Amino acid sequence: MYLDSRKSLEIDQMLKEFDGFNLVVHNCLINSYLEWGNVSEARKVFDEMPERNAVSWTSFVSGLLKHGNVDEAMSYFGRNPFSDVFSWTATINGLVQNRLSFEAMRLYKKMAVYGIMPNDVTFTCILRACGELGDFELGKSVMGSSIKVGFEDNLSISNSLVTFFLRLGEIDFARRTFDQMKEKNVISWTAILDMYVEMGDLEEAHRIFEEMPERNEVSWSAIIARFSQSGNVEEAVKLFQQMVKDRFKPNVSCYSSVISALASLEALPGGRTIHARVLKIGMERNVFVGTSLVDLYCKCKSTKDGRVVFDSIPEKNVVCWNSIVSGYSLNGQLGEAKELFNRIPKRNNISWNSLIAGYLGIENFSNALEVFDGMILSGEQPNKSTFSSVLRACASLPSLEKGKYAHAKALKLGFQHDIFVGTALVDMYAKSGSVESSKTIFNRMATKNEVVWTAMIQGLAENGFAEESLSLFEEMEHASSVAPNGLILLSVLFACSHCGLVDRGLKYFNSMEKVYGIMPNERHYTCVVDMLARSGRLREAEKFITDMPYEPEANALAALLNGCKIYGDEILAERIAEKLTGRAETKTGGYVLLSNVYASGGKWGDVLSTRNMINQKGMKRSGGCSRIEVRNEEHLFYSQDETHSQSKEIYWVLQLINSEI
DNA sequence: TTAGGGTTAG
């Protein structure tokens with residue numbers, strides 16, 4: 001029995017005035033103080049008690065352990081005159097809960113020296129410690145001891161054993177223990193259910209769930225949570241509906257899980273229905289449910305509603321703050337994200353990561369890096385996802401220096417072996433033109449997934465190492481278990497196109513569906529058009545465009561037009577330019593390219609009239625832009641415009657170099 | 001004194 005904090009103080013006061021002593025009331029007082037986190041009052045009552053029994057000692061020691069006061073607890077434990085299996089077990093349990101499993105084991109071994117026999121609860125605690133330590137042999141020897149003492153068919157111990165085997169990934173042992181149990185309860189079933197969900201065998205999990213003779217709200221919440229986390233969100237929602245239909249009362253955990261599932265589905269109407277239920281039972285102020293709701297509204301692009309829920313949560317923790325920051329970030333509302341980020345009382349690395357990801361999302365790469373600098377300065381430890389974002393920002397900026405700095409930091413923290421960080425590094429170096437560094441990182445990676453292969457193959461192709469890119473692709477096909485995907489094949493086509501390997505490219509394109517089972521998309525088609533156009537097979541390219549199953553991308557037409565320019569085919573150019581100008585997205589592109597076709601053919605009159613048309617229609621030219629960094633300064637070069645302050649000098653030098661060549 | 005479930009980034 002516990003008293004609330006106000007009542008505890010009142011009763012404490014009354015007892016003092018009464019000057020009486022009742023052991024039971026004092027023990028209750030200690031428990032109440034500890035329950036409310038008032039350790040110093042509990043200590044005072046305990047120290048001033050004229051007489052203590054075994055219960056006083058055990059509850060005070062385990063209360064201290066519950067609040068992390070380990071040294072003090074151990075000191076009181078050593079002085080306990082009522083040393084029995086309860087006091088030892090409670091202490092062992094407290095140590096395990098403080099993640100001091102090694103110390104817990106030591107205490108367990110000491111029990112024998114003092115002649116105290118462990119009971120069933122001792123074994124469950126100690127098995128948990130073995131699980132924490134990841135020591136399979138130790139767990140098995142504890143199991144042996146428990147059998148020796150006669151606990152072979154003990155339900156709690158068997159349940160703990162199942163969990164222990166699961167923690168160590170010993171699936172067969174877990175299943176065998178479960179199958180051999182004479183008696184099973186809802187905990188045993190939930191544990192084994194969890195195993196199948198964790199293994200990703202959701203069908204078997206579902207079967208187990210159906211088979212369970214008994215369910216409670218924890219087993220429901222276990223299966224709903226697991227389905228939700230593993231991405232089987234529709235199934236999670238269905239189970240929730242079933243649970244309600246079966247007249248079970250969903251608890252906080254069920255609501256948070258189902259709301260989180262609805263958030264990934266971006267199911268706003270369903271979310272609002274659940275929100276209404278939550279409001280009805282007064283659960284919206286709960287930090288778990290509230291946080292899920294904030295996330296739901298933000299993922300459904302309704303940051304306003306998310307903010308209302310956020311403001312209504314009385315006791316916000318860092319997860320809750322992070323959800324609103326990431327919610328605003330996700331929706332590109334970086335002003336709000338930054339403002340709330342600044343108000344977080346105690347940030348963690350996820351808070352920083354959320355803001356960095358936000359700037360990355362709106363392609364404000366320099367701010368993303370600025371936040372990263374702030375993170376380092378604040379002493380917060382970046383994690384692998386920080387580096388993954390930061391390196392992506394570096395890849396998009398001309399600065400190789402910043403990328404190198406982030407790389408050094410990642411090395412220092414030992415994240416270089418992480419596949420996400422490794423991939424981001426490969427990509428960053430390739431995009432910054434440092435193909436050699438990119439290759440070094442790639443070759444050092446112990447495990448490679450399709451993303452990193454894609455990054456390397458693409459990096460080589462885009463840096464002009466087309467042959468190498470293609471041989472890497474072949475190596476991937478022969479030496480790895482990674483199957484080519486659409487993106488990799490796009491890089492392969494790109495490489496063929498830039499290498500002039502038209503027939504090989506066409507062979508890859510034609511085998512996409514047949515050999516690799518990948519439907520080519522618009523981008524693949526565009527790449528083939530570019531490939532044909534570059535090699536002068538203009539009519540073939542035109543036919544390819546006419547025959548393709550999609551409306552050609554503007555880029556495909558532009559690529560063909562570019563081919564017309566190189567090979568001086570003005571008739572085809574006019575036809576294509578007309579098609580291109582119908583496109584809203586590139587009204588200018590067609591004309592600019594057409595005027596280039598005329599220019600290369602020396603038809604200056606046509607050039608002029610085309611350019612006039614661009615101006616008449618009030619079209620803004622949007623040319624390409626190159627960026628380089630020289631001595632920490634960014635220089636931008638736009639196609640067709642000489643806007644750089646030193647363009648005169650630059651072109652002069654360029655001319656000089658050209659004449660030298 | 002014990003064994004099963006919960007919200008945020010990538």
Side-chain angles (χ1 to χ4, degrees), chain A residues 54-55 58-59 61-62 65-66 84-94 96-97 118-128 131 154-164 166 185-195 197 212 215-226 228-229 250-260 263 286-296 298-299 310 313 316-327 329-330 348-358 360-361 383-390 392 418 420-421 423-424:
Chain A
V55 176
T58 300
S59 47
V61 170
S62 63
L65 284 165
K66 206 169 157 189
D84 59 5
V85 64
F86 292 100
S87 67
W88 282 76
T89 304
T91 309
I92 288 173
N93 177 48
V96 178
Q97 268 164 0
N119 65 11
D120 52 344
V121 180
T122 321
F123 282 116
T124 59
C125 298
I126 222 64
L127 279 169
R128 194 171 148 193
N154 182 280
L155 181 61
S156 303
I157 295 178
S158 302
N159 283 342
S160 301
L161 261 176
V162 172
T163 309
F164 165 74
L166 287 181
N185 65 3
V186 66
I187 293 177
S188 342
W189 282 95
T190 310
I192 212 76
L193 167 82
D194 205 35
M195 171 180 105
V197 186
M212 280 168 79
R215 291 174 194 166
N216 64 10
E217 74 279 4
V218 175
S219 40
W220 275 103
S221 66
I223 193 160
I224 293 173
R226 288 303 201 176
S228 171
Q229 287 163 349
N251 57 14
V252 166
S253 160
C254 292
Y255 275 112
S256 344
S257 297
V258 79
I259 294 167
S260 155
N286 174 281
V287 69
F288 281 93
V289 176
T291 301
S292 316
L293 280 169
V294 171
D295 184 49
L296 166 91
C298 293
K299 287 213 171 104
F310 174 80
I313 302 171
K316 303 176 181 73
N317 60 15
V318 66
V319 178
C320 184
W321 280 97
N322 289 348
S323 326
I324 192 78
V325 170
S326 111
S329 285
L330 190 77
N348 63 11
N349 52 16
I350 297 180
S351 325
W352 292 90
N353 289 356
S354 304
L355 196 61
I356 293 173
L360 200 62
N383 62 10
K384 47 192 183 173
S385 98
T386 318
F387 285 111
S388 166
S389 299
V390 165
R392 264 163 55 210
D418 176 77
F420 287 95
V421 175
T423 307

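If you're wondering where the values come from, they're calculated on a predicted model, not measured in any experiment. Below, read A as the first sequence line, B as the second, and so on, with proteins coming before strands; counting in each chain starts at 1. Note: hydrogens, waters and symmetry copies are ignored here, and every other heavy atom, side chains too, is used.
A heavy-atom distance below 4.5 Å is not found between the side chains of A:V287 and A:K316. Proximity of A:R128 to A:F164: side-chain heavy atoms (C-beta onward) are nowhere separated by under 4.5 Å. At least one side-chain heavy atom of A:T89 sits under 4.5 Å from a side-chain heavy atom of A:C125. Taking the side chain as every heavy atom from C-beta outward, A:S385 and A:F420 never approach each other to under 4.5 Å.
Within the nucleic acid shown, A:F86 comes within 4.0 Å of at least one base atom, counting heavy atoms only. Residue A:K299 is in sugar-phosphate contact alone, with no base atom involved, counting any heavy-atom pair closer than 4.0 Å across all strands shown. A:R215 comes within 4.0 angstrom of no nucleic acid atom, judged by non-hydrogen atoms across all strands. Across all strands shown, A:N383 has heavy atoms under 4.0 Å from base atoms, whether or not it also approaches the sugar-phosphate.
Contact record, A:G94 with A:L65: CA-CD1, 3.7 Å, taken as the closest heavy-atom pair.
For the pair A:N322 CG and B:dT8 P, the computed distance is 11 Å after rounding to whole Å.
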Practice item. For nucleotides 2-7 of chain B, just jot down a letter per nucleotide in 5' to 3' order: B, S or -, based on protein non-hydrogen atoms under 4.0 Å. Key: BBBBBB
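With no hydrogens or angles considered, a side-chain donor-acceptor pair links A:N322 and A:S351 at under 3.5 Å.
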